[in-house]
Number of protein chains: 2
Amino acid sequence: MATPLEKARRDPNSMKAKILTSARKIFSKNGFSGTTTRMIAKAVGIDISTLYYHWGEKADLYNAVLMDTQEELKQELKRIERVIHGKPLPKRLEIAINESCDFLYKNSEITNLILLNYFTKPKGKDIAEFHFIDIITGIAISMGLAMDKDKITKQAKARVMVVMLSLFNFIAGKKYLSPIIGAESQDYLNVVKETLNFILIPAFVQDKKAIES
Amino acid sequence: MATPLEKARRDPNSMKAKILTSARKIFSKNGFSGTTTRMIAKAVGIDISTLYYHWGEKADLYNAVLMDTQEELKQELKRIERVIHGKPLPKRLEIAINESCDFLYKNSEITNLILLNYFTKPKGKDIAEFHFIDIITGIAISMGLAMDKDKITKQAKARVMVVMLSLFNFIAGKKYLSPIIGAESQDYLNVVKETLNFILIPAFVQDKKAIES
DNA sequence: ATCTGCTTGCATCAATTGATGGAGAGACTA
DNA sequence: TAGTCTCTCCATCAATTGATGCAAGCAGAT
């Protein structure tokens, strides 16, 4: 039994998938209430009734976009985890930062969607939650900050969160932050990576020592 | 010659000020496009035409809210700077984090407004920019990260930014992040302070050494 | 060719929303 | 009292927006 979302992902040329792709782009730029179904339909080149035929009401489409995005992010994190597996901690951190920066930079809609979903939630609508907690605990364990899921300290979670939020904000707010920092595109991305490394590595190494003692 | 904003601030009981206060609350919760002038008018207990009489179009009111918020934040930062002036660096950092956390926690609309203004910008409208750069450079200098305004390294700005964005996100996203971390209200605030101290202090101390050498 | 099921666009609706005109209430002055 | 100025609300508009009914198009099966 395939969900509508799985069906859409399977064939990227299907109308359902095309709508989903455009919707992601537009929702991530304007948020839920800043986006109209007509905007999306126009971007795809179809009538809004076709959009409603495939996805039902606006909130349903928005939810599908969120779930789709979340799934993509999780897949990427799994991929990174496979890459860094077995390596020593500092190397692991460095690679993880590097890879996730590159990935999010190329897919900056992801960060926008997640942050917007956190800061503005359409009221009265039944909007799905982003499973931030899974991601945070996943990273914490993968970084050796905790042995099992239920034994992660608040402090550890908060530190992982600082890195995640910083990264997300740097990517999502790139347009506004890069003139402030004074670095564009690749240069900007490098400063971000450097900064995250600078912050992350001592924090995690120290944290790990605390756990092992 | 007093601007409308100054006039409104002078008398908090004036209709202009009451509208401004309600508008701030509602805009910060729903963003620009998620907020209707009717919501604001209803919260104040007036007709929308009264709102339009005092503030003109929606974007003007939104701009006034942004400017008002920015001004308040700048005043608070100045106050903090006075408090920490002359103290040794680590103490300065600790106090600054503590004070700004408390302030933003009590006035969490500020962080929401700023972040929303960065991630979703109403298109076609003439919305004022938040002077993030002033704040960042101000902090950098106050923290001894640079000697004058034009000689702040990209790295220094990025590090100040990490702290600012983390703080803003922790406050603005409190509702969603506190269950993840597993700490509520005052406990949450303490974890945030602790985490920021943990990250900030080594970064800034090391940076200062680099400058002085 | 006819039937069936899936897909698409046209026309349309009701509700919402930003915005305004004008009338009336109240205060103050002459 | 009459005049004026400020502020408030009621009524209303045009545009936008989420959503749907329906007929036409089209492919494949019978």
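Below, read A as the first sequence line, B as the second, and so on, with proteins coming before strands; counting in each chain starts at 1.
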Inset, instruction - Could you tell me the separation between the OH atom of Tyr52(A) and the P atom of dC13(C), rounded to a whole number of Å? - result: 17 Å
Inset, instruction - Starting at atom CZ of Phe32(B), determine the distance to atom C1' of dT17(C), rounded to an integer number of angstrom. - result: 12 Å
Inset, instruction - Report yes if some heavy atom in the side chain of Asn107(A) is under 4.5 Å from a heavy atom in the side chain of Leu73(A); otherwise report no. - result: no
Legend entry - Length of the line joining Asp60(B):CG and dT20(C):C1', which is rounded to integer Å: 15 Å
Inset, instruction - To the nearest Å, give me how far apart CD (Glu57(A)) and P (dA15(C)) are. - result: 17 Å
Just the table, please: protein N/O against nucleotides 7-10 of chain D N/O, every pair under 3.5 Å.
unit_1: dC7(D); atom_1: OP2; unit_2: Tyr53(B); atom_2: OH; d: 3.1
unit_1: dT8(D); atom_1: OP2; unit_2: His54(B); atom_2: NE2; d: 2.6
unit_1: dC9(D); atom_1: OP2; unit_2: Asp47(B); atom_2: N; d: 3.0
unit_1: dC9(D); atom_1: OP2; unit_2: Thr50(B); atom_2: OG1; d: 2.6
unit_1: dC9(D); atom_1: N4; unit_2: Ser49(B); atom_2: OG; d: 3.4
unit_1: dC10(D); atom_1: N4; unit_2: Ser49(B); atom_2: OG; d: 3.0

Legend entry - Non-hydrogen side-chain atoms of Met164(A) and Phe132(A) separated by less than 4.5 Å: yes
Inset, instruction - Apply side-chain contact (heavy atoms from CB on, under 4.5 Å) to His54(B) and Leu20(B), showing your working. - result: CA-CA 10 Å; His54(B) 284 285; Leu20(B) 195 67; over 6 Å; no
Inset, instruction - In whole angstrom, give the distance that lies between atom CG of Leu51(A) and atom C1' of dT20(D). - result: 13 Å
Inset, instruction - Please state how far atom CH2 in Trp55(A) lies from atom P in dA19(D), giving the value in whole angstrom units. - result: 15 Å
Legend entry - Any side-chain heavy-atom pair of Ile40(B) and Leu61(B) under 4.5 Å: yes
Inset, instruction - Identify, residue by residue, the members of residues 21-29 of chain A with a heavy atom below 4.0 Å from DNA chain C, and return them in order of residue number, or none. - result: none
Inset, instruction - Scan Thr35(B) against the nucleic acid and name what it touches under 4.0 Å (heavy atoms): base, sugar-phosphate only, or nothing. - result: sugar-phosphate
Legend entry - Pairwise side-chain contact, Leu51(B) with Val44(B), heavy-atom cut-off 4.5 Å (strictly under): no
Inset, instruction - Salt-bridge test for Lys106(A) and Glu76(A): reply yes if a basic N is under 4.0 Å from a carboxylate O, no otherwise. - result: no
Inset, instruction - Answer yes or no: are there more than 12 heavy-atom neighbours, outside Lys74(A) itself, under 6.0 Å from its atom NZ? - result: yes
Inset, instruction - Please tell me if the side chains of Ser166(B) and Leu165(A) come closer than 4.5 Å, counting only heavy atoms from C-beta onward. - result: no
Legend entry - Distance, rounded to the nearest Å, where Lys42(A) contributes NZ and dT17(D) contributes C1': 15 Å
Legend entry - Axis-to-axis angle between the two ends of the helix from dA1(C)-dT30(D) to dA30(C)-dT1(D) (five base pairs per end, rounded to 10 degrees): 20°
Inset, instruction - Nearest whole angstrom, please: distance from the P of dA11(C) to the CZ of Arg38(A). - result: 14 Å
Inset, instruction - State, with a plain yes or no, whether a side-chain heavy atom of Val191(A) is found less than 4.5 Å away from one of Phe170(A). - result: no
Inset, instruction - May I ask you to decide if the ring planes of Phe119(A) and Phe119(B) are parallel, tilted or perpendicular, using 30° and 60° as cut-offs? - result: parallel
Inset, instruction - Would you sort out whether Tyr62(B) and Phe27(B) count as a ring pair (Phe, Tyr, Trp, His ring centres under 6.0 Å), showing the intermediate values? - result: CA-CA 8 Å; Tyr62(B) 183 66; Phe27(B) 275 129; 4.9 Å; yes
